[in-house]
Amino acid sequence: MGKRIVIALGGNALGKNLAEQMDAVRTTSRAIADLIGDGHEVVVAHGNGPQVGMIQEAFAEYHRNHPGSDLMPLSMCVAMSQGYIGYDLQNQIGEELDRRGIPVHVATVLTQVAVDPADPAFLHPTKPIGAFMTEEQAKAVAAEKGLDVMEDAGRGWRHVVASPMPRQIIEIDTINALLDGQHAVIAAGGGGIPVIWEDRYHLRGVPAVIDKDFAAERLAEQLDADMLIILTAVEKIALNFGKENETWLSEVTPEEAEEYARQGHFAPGSMLPKVEAAAAFARSKPGRTALITLLEKAREGIVGETGTRFHM
Ligand code: ADP
Ligand code: MG
């Protein structure tokens, strides 16, 4: 029986530049077409770290060369990243389906995601984006433009932005309608375009980057999906990752996963948000399953043969 599945694609599914993206998206598209061919309803969410950084930098450079031009707001940079990544995925998944004679169309939905303006994340920006700077450059930018800057893991200074929790997928009805009309959908790219409700009618973009794994989880809950699949660079999650006593996990309950997270087994900013998102989805309703695995293992993972499965 076909399931409704939300897939979150990690960085390795898209590559870090256009040349890598051409190769990576072809492989990714085949794997996604396999799942659609198996009769599943599929929604694809994806990251945008390198891409949104590149777009922002390109506009910052333009602004430096053309004084008086606009500084592109980060929310618009996220929208642009959704556009060109979605274009590539929609084009190549569509081609794969067509070759296989599968009568499913693919559409990208520019997706806004409402966040809470009172989210404490706005007081503590944690997400580094864009190019590296020297400490002097960073401090000058911070003073001049009122941006937050931070030293990033010994590699240099960077602009940091808030990473608030996703509260509401604004285009949820559109995504649902497309699924009901036999479309595969690409949505909530880069965690979604972060917006806040200014009043009953007006949504305003805010300078933030939402974690794509949390956004995919919210999307999966709001679509009443059966599965949330987080595809990344490891086949399973591990306790004592990278140590001598490393132990790979195949099945966990949300409670176990959260206990392991408290014990510090998952790296913040990489594996931790995935584990938190997977646990939250598995707990959100009986019968819901989350899976963390490799892109090439998605099909085996769905039938329970590999990956780490989260369920109550
Ligand atoms: P993505 O681009 O898919 O979001 P990330 O690099 O952010 O990927 O996160 C996945 C990485 O998390 C893995 O490749 C692995 O190196 C790392 N990781 C950290 N802790 C663990 C753990 N306990 N088990 C497995 N992988 C882990
Ligand atoms: Mg990540």
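Just so you know, residue 1 is the first one in the sequence shown, and it goes up from there.
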Of all the heavy-atom pairs spanning [X] and [Y], show the shortest one and how long it is.
X: Pro117; Y: Phe122; value: O-CD1, 3.6 Å
X: Met22; Y: Gln92; value: O-NE2, 4.0 Å
X: Val252; Y: Tyr260; value: CG1-CE1, 4.1 Å
X: Leu71; Y: Ala60; value: CD2-CA, 4.3 Å
X: Ala8; Y: Asp213; value: CB-OD1, 3.9 Å
X: Glu258; Y: Ala279; value: OE2-CB, 3.7 Å

Does this structure show an ion pair linking [X] with [Y], if we count only N-O contacts that are shorter than 4.0 Å?
X: Glu255; Y: Arg283; value: yes
X: Arg64; Y: Glu57; value: yes
X: Lys243; Y: Glu246; value: no
X: Asp211; Y: Lys127; value: no
X: Arg26; Y: Glu96; value: no
X: Asp180; Y: Arg4; value: yes
X: Arg100; Y: Asp34; value: yes
X: Asp38; Y: Arg299; value: yes
X: Lys139; Y: Glu136; value: no

May I ask you to test the [X]-[Y] pair for a side-chain heavy-atom distance under 4.5 Å?
X: Ile85; Y: Asn48; value: yes
X: Leu294; Y: Thr306; value: no
X: Pro254; Y: Phe310; value: no
X: Asn91; Y: Leu89; value: no
X: Val195; Y: Val115; value: no
X: Arg155; Y: Asp152; value: yes
X: Ile186; Y: Val106; value: yes
X: Ile170; Y: Trp197; value: yes

Using the ring-ring contact (aromatic ring centres under 6.0 Å, His included) criterion, which residues pair with His183? Sequence neighbours excluded. His105

In this structure, would [X] and [Y] fall into the same cluster of hydrophobic residues linked by side-chain contacts under 4.5 Å?
X: Leu97; Y: Ile5; result: yes
X: Val25; Y: Val42; result: yes
X: Val44; Y: Leu295; result: yes
X: Leu110; Y: Val78; result: no

Working for side chain to side chain contact (heavy atoms under 4.5 Å, CB included), residues Leu228 and Leu291: CA-CA 6 Å; Leu228 169 66; Leu291 174 71; over 6 Å; no

Regarding [X] and [Y], do their side chains bring together a donor and an acceptor under 3.5 Å, going by distance alone?
X: Lys236; Y: Ser250; result: yes
X: Asp88; Y: Gln21; result: yes
X: His46; Y: Gln82; result: no
X: Glu235; Y: Trp248; result: no

Side chain to side chain contact (heavy atoms under 4.5 Å, CB included) assessment of Ile172 paired with Leu223: CA-CA 7 Å; Ile172 198 73; Leu223 289 172; 3.7 Å; yes

Only one of Asp119, Ile210, Val113 forms a side chain to side chain contact (heavy atoms under 4.5 Å, CB included) with Arg167, so which one is it? Asp119

Working note: Ile32 + Leu9, criterion side chain to side chain contact (heavy atoms under 4.5 Å, CB included); need CA distance, chi angles, decisive distance, verdict. CA-CA 10 Å; Ile32 290 169; Leu9 295 177; 4.3 Å; yes

With side chain to side chain contact (heavy atoms under 4.5 Å, CB included) as the criterion, how do Val160 and Thr126 come out once you've worked through the C-alpha distance, each side chain's angles and the decisive distance to 0.1 Å? CA-CA 6 Å; Val160 278; Thr126 52; over 6 Å; no

Has Phe132 got more than 12 heavy atoms of other residues, nucleotides or ligands less than 6.0 Å from its CZ? yes

Heavy-atom neighbours of Met72 CE exceed 12 at 6.0 Å: yes

In the hydrophobic cluster built from side-chain contacts under 4.5 Å, what are the other members alongside Met133? Val141, Leu147, Val149, Trp157

